[in-house]
Amino acid sequence: MRYWVIKGNPYSNDWDRMLVPGNEEPWHTGRIPKDWENGDRLFCWESAPALRVVGLAELTDRNAGVDQDGDRLFRVRYITRKFSWMPTIADLRAIPILNEASFLKTGPATTLFPLTSEQASLLFALLASGNVDLGSQWQDIAATPWAGLVPDLDWDAAVREGGIKLISHFARERNRTIVDAKKRAVLASVGNLACEICQFDFGAFYPDIGDGYCEVHHLVALSESPGAVETRLSDLAVVCSNCHRMLHRKIPFMKVEKLRTLLQTGRHEVRSSSAHDDRAVKANACNPRKTR
């Protein structure tokens, strides 16, 4: 059994649709590797601009024919949904063993890249550390010891973010210093933590348990920065969980102002449609159509 990285263009591959456990479909490549076999394991990679690991799959048919362009076809079966945490190229290059993997090197565009057993074990362990639902997958590789293969994670809060070390990704997601400061500033200014997009307030909707809760969004994605950056309060926005997910739904990430406009436009259209339906019901009640 071997391990590979399979790269897919985000503009022609809808990972949200594709990554469904048990879903199987064909892929194409200019050249089929000679040394791969059915059952080989695949790490799915989303190519530029995202540059991140998005899911797992397995090879089911190494030679599925040729497409109309002359490319060789093979079939894969997806075994996970799209990851909730997807390590980026910067995260992986910060780890020496993974930094040597061929799929992280600059070179001609291709689809398939081999991994050594050590690289695959480390990559899986890294993914499992941020995606708890991976515990039931690939039990043999999941049991491989990996302590010491990655730098120790420093969980000390820091405002400087976005560096290309493993700690940097976790600091991006879990920095409490700047998040708490943003919440305190908003509370002092407006008195609540209402979403800046839809105005949802956890404290008002969920008395007691929702008090003081919100999510905080980076207005400029840290993944777009070439290295560490200083994050200021003005670089952050208070958002609810739903709006936060929608901001990150596509690559590149949507701007707060655009999502707010889309939401307001959608609400207006719903209200207009409802009003039109109400008028139609009343009109039909007063002037019923004749039936034969």
Side-chain angles (χ1 to χ4, degrees), residues 15-16 19-21 52 54-55 80-88 91 126-137 153-162 166-223 230-251 253-271 274:
W15 292 110
D16 291 290
L19 284 168
V20 176
R52 59 189 182 181
V54 295
T80 69
R81 295 192 180 277
K82 191 174 181 180
F83 293 143
S84 57
W85 176 64
M86 295 168 280
T88 66
D91 299 318
L126 181 63
L127 289 166
S129 71
N131 298 278
V132 295
D133 54 339
L134 283 188
S136 61
Q137 303 294 341
L153 302 181
D154 182 359
W155 293 99
D156 290 339
V159 175
R160 188 170 180 80
E161 303 178 330
L166 182 59
I167 178 180
S168 302
H169 177 85
F170 286 95
R172 294 176 190 178
E173 300 293 334
R174 302 174 184 268
N175 187 319
R176 302 308 308 175
T177 301
I178 195 68
V179 168
D180 290 341
K182 178 67 176 182
K183 291 181 179 181
R184 290 194 298 270
V186 172
L187 281 171
S189 175
V190 300
N192 64 4
L193 293 174
C195 175
E196 296 181 24
I197 297 171
C198 72
Q199 296 305 306
F200 181 83
D201 183 349
F202 283 95
F205 197 85
Y206 303 102
D208 297 330
I209 192 174
D211 291 343
Y213 182 79
C214 69
E215 295 191 9
V216 176
H217 170 70
H218 286 77
L219 297 177
V220 177
L222 292 177
S223 59
E230 295 290 344
T231 302
R232 302 178 180 276
L233 296 185
S234 58
D235 298 324
L236 304 172
V238 167
V239 295
C240 70
S241 305
N242 284 348
C243 289
H244 204 180
R245 285 295 185 112
M246 293 302 100
L247 289 170
H248 288 263
R249 190 73 172 84
K250 300 293 183 181
I251 300 294
F253 299 147
M254 186 178 294
K255 301 297 183 183
V256 166
E257 296 78 8
K258 182 175 181 180
L259 183 58
R260 185 187 299 122
T261 299
L262 287 175
L263 183 61
Q264 292 170 348
T265 301
R267 284 176 172 172
H268 173 73
E269 290 177 351
V270 169
R271 286 195 297 268
S274 298

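In this chain, residues are counted from 1 in sequence order. No hydrogens, no waters, no symmetry mates; every other heavy atom, side chains included, goes into these values.
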Leu236 side chain near His217 side chain, heavy-atom distance below 4.5 Å: no
Write down the atom of Ala237, the atom of Val256, and the distance for their closest heavy-atom approach. CB-CG2, 4.3 Å
Sorted by chain and residue number, the side chain to side chain contact (heavy atoms under 4.5 Å, CB included) partners of Arg184 (sequence neighbours excluded) come out as Asp180, Ala181
Nearest 0.5 Å, please: how far is CE in Met86 from CH2 in Trp15? 11.5 Å
Any chance you could measure Leu187, atom CG, to Leu193, atom CG, to the nearest 0.5 Å? 4.0 Å
Heavy-atom pair of closest approach, residues Leu233 and Ala185: CD1-CB, 3.9 Å
Heavy-atom closest pair (Cys195 atom, Val239 atom, distance to 0.1 Å) is SG-CA, 3.7 Å
Partners meeting side chain to side chain contact (heavy atoms under 4.5 Å, CB included) with Asp235 (sequence neighbours left out): Thr231, Arg232
Between Leu219 and Lys255, which heavy-atom pair has the shortest distance, and what is it? O-NZ, 4.0 Å
Could I get the full list of side chain to side chain contact (heavy atoms under 4.5 Å, CB included) partners for Arg81, not counting sequence neighbours? Val20, Pro21
Might you work through the side chain to side chain contact (heavy atoms under 4.5 Å, CB included) test for Leu262 and Met254, ending with a clear yes or no? CA-CA 11 Å; Leu262 287 175; Met254 186 178 294; 3.8 Å; yes
Working to the nearest 0.5 angstrom, can you tell me the gap between Gln199 CD and Arg260 CZ? 8.0 Å
Exercise: identify the closest heavy-atom pair between Cys243 and Leu259: O-CD2, 3.6 Å
Lys82: what forms a salt bridge (Lys or Arg N to Asp or Glu O under 4.0 Å) with it, not counting sequence neighbours? Asp16
Would a 4.5 Å heavy-atom cut-off, applied to side chains only, mark Val186 and Lys182 as touching? yes
Let me have the donor-acceptor pairs involving side chains of residues 203-216, under 3.5 Å, with sequence neighbours excluded, atom names and distances please.
| residue | atom | partner | partner atom | Å |
| --- | --- | --- | --- | --- |
| Tyr213 | OH | Glu215 | OE2 | 3.4 |
| Glu215 | OE1 | His244 | ND1 | 2.7 |
| Glu215 | OE2 | Ser241 | OG | 2.8 |

Do Ile197 and Cys240 have side-chain heavy atoms sitting under 4.5 Å apart? no
Is Glu196 reaching over with its side chain to a backbone N or O of Val238, donor-acceptor style, under 3.5 angstrom? yes
Ser234: side-chain hydrogen bond (donor to acceptor under 3.5 Å, both in side chains) partners, not counting sequence neighbours: none
